[in-house]
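Just so we're on the same page: letters track the sequence lines, and every chain starts at 1. All heavy atoms count here, side chains included; hydrogens, waters and symmetry mates do not.
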Amino acid sequence: SGQAAGARPAVVRVAAAADLKFALDEAAARLARREPALRVEATYGSSGSMHAQLRQRAPYDLYLSADVDYPRDLVSRGTGSVRDLFTYATGRLVVWVPAGSTLPVERDGLRALESARRIAVANPRHAPYGRAAEAALRRTGIWDRVSRRLVLGENVAQAAQFVQSGAADAAIIAKSLVAAPAFGGAGRLWDVPDTLYPPLVQGGLILPWAASRAGAERFRDFLVGDEGRALLQAYGFGPPPR
Amino acid sequence: MTLLDVDFEFRYPPSRDSGGASHESASVACRWQDPIGEPRVTVFLGASGSGKTTVLRCLAGLERPQRGHVRFGDHVWFDAERRVHLPPDRRDVGGLFQEYALFPHLTVARNVAFGARRLTRAAVAARVGELLDTFRLRGLEERRPRQLSGGQQQRVALARAVFRRPKLLLLDEPLSAVDRPTGDELREELRSLIRALAIPAYIVSHDRADALTLADRTVLIDGGRIIQSGTTEEVFDHPASAAAARLVGIDTILLGRIAAVEDGLARVVVAGREVRAQAPAAAGHEVALCIRAEDVALARHDVSDSSVMNRWRATVVTEAMEGPFVRVGLDCGFRLAALVTRDAWRRLGLKAGDEAWAIVKAATIRAMPRN
Amino acid sequence: MTLLDVDFEFRYPPSRDSGGASHESASVACRWQDPIGEPRVTVFLGASGSGKTTVLRCLAGLERPQRGHVRFGDHVWFDAERRVHLPPDRRDVGGLFQEYALFPHLTVARNVAFGARRLTRAAVAARVGELLDTFRLRGLEERRPRQLSGGQQQRVALARAVFRRPKLLLLDEPLSAVDRPTGDELREELRSLIRALAIPAYIVSHDRADALTLADRTVLIDGGRIIQSGTTEEVFDHPASAAAARLVGIDTILLGRIAAVEDGLARVVVAGREVRAQAPAAAGHEVALCIRAEDVALARHDVSDSSVMNRWRATVVTEAMEGPFVRVGLDCGFRLAALVTRDAWRRLGLKAGDEAWAIVKAATIRAMPRN
Amino acid sequence: MDWTAILLTVKLAALTTLLLAIVGLPLAYWLATTRRRWRAVVDAAVAVPLLLPPTVLGFYFLMSTGPNTAVGRLYGRLFDGTLPFSFAGILLASVVYNLPFAVRPFASGFAAVDHRLIEAARCLGASGPRTFLTVVLPLSWPAVLAGLVLAFAHTVGEFGVVLMVGGNIPGVTRTIALAIYDDVQALDYASANAASALLVVFAAAVLGVTYSLQRRPLPL
Amino acid sequence: MDWTAILLTVKLAALTTLLLAIVGLPLAYWLATTRRRWRAVVDAAVAVPLLLPPTVLGFYFLMSTGPNTAVGRLYGRLFDGTLPFSFAGILLASVVYNLPFAVRPFASGFAAVDHRLIEAARCLGASGPRTFLTVVLPLSWPAVLAGLVLAFAHTVGEFGVVLMVGGNIPGVTRTIALAIYDDVQALDYASANAASALLVVFAAAVLGVTYSLQRRPLPL
Ligand SMILES: Nc1ncnc2c1ncn2[C@@H]1O[C@H](COP(=O)(O)OP(=O)(O)OP(=O)(O)O)[C@@H](O)[C@H]1O
Ligand SMILES: Nc1ncnc2c1ncn2[C@@H]1O[C@H](COP(=O)(O)OP(=O)(O)OP(=O)(O)O)[C@@H](O)[C@H]1O
Ligand SMILES: [Mg+2]
Ligand SMILES: [Mg+2]
């Protein structure tokens, strides 16, 4: 629409994990400012659903998964090449409680959740942050005591909403979500030490049918570059493993 | 004495006519009083579309008149000014409707017993059995209405209406769908049922036989208005108007103006013919002349030496058997019907197209001034 | 000559009786042939539940008989063996049903014109207008069926049935809901319509008047079987059985056994009384005796010096006016109906409970052997 | 196979259907009989749950019944517990969400009943409610059945609202729909297929039987 | 407000409703009139989409219409494109998913039509299909309307199937339901509330008008 005169900007269609929402919107905006010829159009959703869609050649150029296993699985099924597979960040887990909560998370960490009535997490069955939350609870040794009090969201956003509504007392969710400005500050958070859960390696894939392969590569390069990394860090992500 | 006190006016809402031409919508106006608690049968006789069903609907509470009241003893069933309008179930009427309205999902037995309230099972079964016998419906109790013939359906509706011993019985054409012999039998049964219940019954019918055999009182209705009412004998013997005469079965009605009156006998000119009859008014007045078919005699030749005042040359137009008689249609300038025995007809040897003489005594012609 | 050739048997499926007592389900069996292309009116006369409607339904194709065939000229409408069963719309019949079955969502005009096919708008409008006049429905064209009286609905159904000039007209009780004067007028209109269409018409009725005034041929039906058929005169003058006699209007039917036969005259004992009539069979046989009410004379005293063979002492039980006559119910050991003029009744001065003599000429009693 | 989830689903669907009959029939009756102007408004209001994505509806439901809301406090005082993450919660949400699937067919079924039969019943002494129970309801049962079957089936497959309100707790609020969804998300297609197949076969059997009890076919 | 999504949604719902009328009416007619044994089977089959969670249904739909499937190849040859992730795809999925909401009320409405009227129409020379069009359909329109309205409203709110099959592509497959869902997921409640409110007001108006055209109330 109101772009600079000349050719229409190349559109890079990105299928992105829900936890990237805020960071990626910012990244796209920055890139657009610098390179008006490139426009990033991201669709956020569950990495699992997108995996199923990509198996049917969903018309995206770039896949940014919350779990590197999904793009890896695509490659092993012959969709995409190993060369186009990359990692761009690691997710971080936090415990989040509303501002008025009496749970001493800052003092007791995860153990404080033993006195919570309802704890919201993403579903460990398919959501990476859910799996991480389960691992952390197990390693802390309180899994048996709290597992019955877990309520499972489809993803971390839902887990957060469980707490926002007051129906759950605490959530173990992605730091990227809590760090977002949209989240609103009415709560306290405690970073779960990354020793308590296996790394949440977020990986991506440039899709073989990409309409704008150059654009996709450009955006990938931006993300894994210094500026991208800093930006992701600001939004609560850690650097990808080397 | 407790009375059913009726006085109302009802007009159907005008139909949302697409054409826009707003026809006058149909209306009825009624007013009468009747003692309650006596087995008095009133038959409303009227032509198709005259408003008979509408009167019953207003009595039952299915329509809400715009004006007037209906009081049943001390109970106000309807009062336009006081905005009282009891629904049908609080009026304790028993009704049969022209289209039967049997419940298609219930068996015959359960249709009949629909009104049952506060009765033991055995009592219900016994009464259902009784009524099935009365109305010749034995063996059909487990059928659904759609598995019945038309007349059987009507009889089920009749049994259903009387089942609950209502305070007032409203029957709309209760026997129109059954054959004559069955109807005759049922009329007698109905009569004795009404006697046993000792309630007033209002029966709507287009069949004179219903009025003649069932009614204590006959009400003639035309164009939504009661045009005559009284004991059945009164009404049938002395129809008060041409419309009434047509309803009770006078066969020919002629309209004309009195040309002259001589010795109390009027000379009326109708279609160029002279008709003599007892004068109901002075010369110059419009009159209606009613001639019963059975009062018209036929002859092959003019019988000028008789005392009969009216002798008209006529052409035979139609003939139709009617039980032991032959109904003959004649054209004497006007249409005239005659009813003669088959024997006489055979002896006359007439057929359509033949010429004949119609002979009518002036005394048998009823002349009525036209309003 | 092309014929409508009918021969079938139909039995309703037995109802899924909850009681388990499997009643015999109703059935009809029919067989006749009729020329096509002539305006011949056949009236089926039968009591309520006798199977009249069922016959029409089988002809129309609404029911599928278990056995037999229906052929219309060269067209096979139904053949049980060849498994042919044309649906109603491929038989080109025009039907009116006992419950009218008007389409509630269509106006009167559009109901009447429902069968219109391949006609210009103007042609449809013209024909609708014609029929509305014929059936006295002017002014109602924009109404819906529920805004009509019962008789008006029936007339709309009649107009609808004849609208499309079918090859065969099937009418089920076409005039049962209209009053006598209107009915008489409509019967004439119907007759001339059928003449104009030059098609066979089958009319079901429980009303003798329909047969007497409309029918070329009358078919008597009882218990699903044709018990007599022939020209209307034949059937009415010579009912072939007691059931037939009851249908055509013989008023009293007595059952008894012939005690003796003398000079061709039978002596039959009924309820302790002797009845004399022409002997139809030898002594010892069961007979049915049919006595028309109009053949029964009344007297206050025994008239022993007359030639009349049957004189029974009787008690007056009921009296009912019937047009110009009085129908008198008598008890002579058996029930007997008499029809006398009002004049005669007045002169006799009898009332219920009085004793009288019933006088019947032996020649007027029709005696029929019972099968 | 997750039999706990299956049992829970059957229980939820059955109870939802039952409650819909209890709430929906009178509501539909009111809609079919009232002459008030705002009939149309209520009619539309019933359909509103349909218009929102289930998850979003569930979100609003959660927000308005949490322990800090008026509804939540009232419920807590009455039943000692919270509506969200309880069986009662998903039951209530299911009822609200399925209301239009039941009420719409009900009301249209009632509207189709021959008015003459209702008038006849009233004239035979039956009150309005009695007429409804003995005449209108039996005569419109194909429509009522349609509504209940739709609601039942839809409850079995419902997922967004139940997930949001129920929190996917095994044995309490995890229905078979959630279980299948989880399987698919976890790329465990074999389990998902098996559960789906079972569901379909079971339901087809139930529906098949239900519908074969329907009215005789039209004479066309 | 995401007007593109709103327009797309209206288009999708309207076309779905139209197609449902085209497909659903004959199907319901067949169901209401056939005497065949497997009527019950077809009847049940129509309801199956209801039983699966929408996302899962979408998943199966995706798997069976993707470019490597027979259906997908056929579609590709005919229309040069893929069914998933296209408007045609979500339209088709919507139709399948909403079929029971339309067909059930249709069929029960047809079943309630007085058989005598159908017989009368046949005897007046109308063929089966003509009778259906001129008698059965007009007489059961409250039920037909109920079905279409349910389907329309449900399409507006549908989310699982559309997301899975359509892939949430702006201007192509992102409906207002997806937009609201995205807002809620992004914790942008203000946008979600505004869009929801608009949706509800608009729909309430449409439904209110639709229903006020309904039959006169029962005489109870
Ligand atoms: N719902 C209605 N709306 C408008 N007019 C109506 C309505 N119902 C009946 N009418 C008209 O009112 C008049 C009286 O109707 P009503 O049914 O009372 O006649 P009726 O005497 O019972 O006739 P019939 O013997 O034919 O049944 C008729 O002209 C009819 O057309
Ligand atoms: N669908 C049905 N199933 C079973 N029996 C039926 C069915 N329809 C009619 N019958 C029975 O068949 C017999 C004949 O019915 P039909 O309708 O032909 O009588 P009809 O001569 O038309 O009587 P009416 O004058 O009362 O209308 C009746 O005894 C009736 O009970
Ligand atoms: Mg009437
Ligand atoms: Mg009949």
For this session: Please report the C-alpha distance between C/Leu62 and C/Phe97 in whole Å, then the side-chain angles of each, then the deciding distance to 0.1 Å, and finally whether the side-chain contact (heavy atoms from CB on, under 4.5 Å) criterion is met.
Result: CA-CA 12 Å; C/Leu62 293 170; C/Phe97 305 88; 3.8 Å; yes
Problem set entry | Step-by-step side chain to side chain donor-acceptor pair (under 3.5 Å) determination, C/Gln153 to B/Glu99 | CA-CA 11 Å; C/Gln153 287 180 39; B/Glu99 287 131 342; 3.2 Å; yes
For this session: Side chain from CB out, backbone as N, CA, C, O: work out which of these in B/Thr53 comes under 4.5 Å of a heavy atom of chain C, or both, or neither.
Result: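 No part of B/Thr53 comes within 4.5 Å of chain C.
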For this session: Measure distances from B/Gln154 to the heavy atoms of chain C and classify the residue's part below 4.5 Å as side chain, backbone, both or neither.
Result: neither
Which bit of [X] comes within less than 4.5 Å of chain B, counting heavy atoms only: side chain, backbone, both or neither?
| X | value |
| --- | --- |
| C/Arg155 | side chain |
| C/Gln152 | both |
| C/Glu319 | neither |

Exercise. What distance separates C/Leu45 CG from C/Ile203 CD1, expressed to the nearest 0.5 Å?
Worked result: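 That separation rounds to 12.0 Å.
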Seminar exercise, completed: Looking only at B/Ser48, B/Gly151, B/Ser149, most heavy-atom pairs under 4.5 Å shared with chain C are made by B/Ser48
Exercise. Among C/Gly49, C/Ser205, C/Gly183, who wins on heavy-atom pairs under 4.5 Å with chain B?
Worked result: C/Gly49
For this session: Not counting sequence neighbours, which residues clear salt bridge (Lys or Arg N to Asp or Glu O under 4.0 Å) with B/Arg191? List them please.
Result: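 Expected list: B/Asp216.
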Exercise. Partners of C/Glu185 by salt bridge (Lys or Arg N to Asp or Glu O under 4.0 Å), sequence neighbours excluded?
Worked result: B/Arg246, C/Arg136
Exercise. Around C/Arg335, counting heavy atoms of other residues, nucleotides and ligands shown, do more than 12 lie under 6.0 Å from its CZ?
Worked result: no
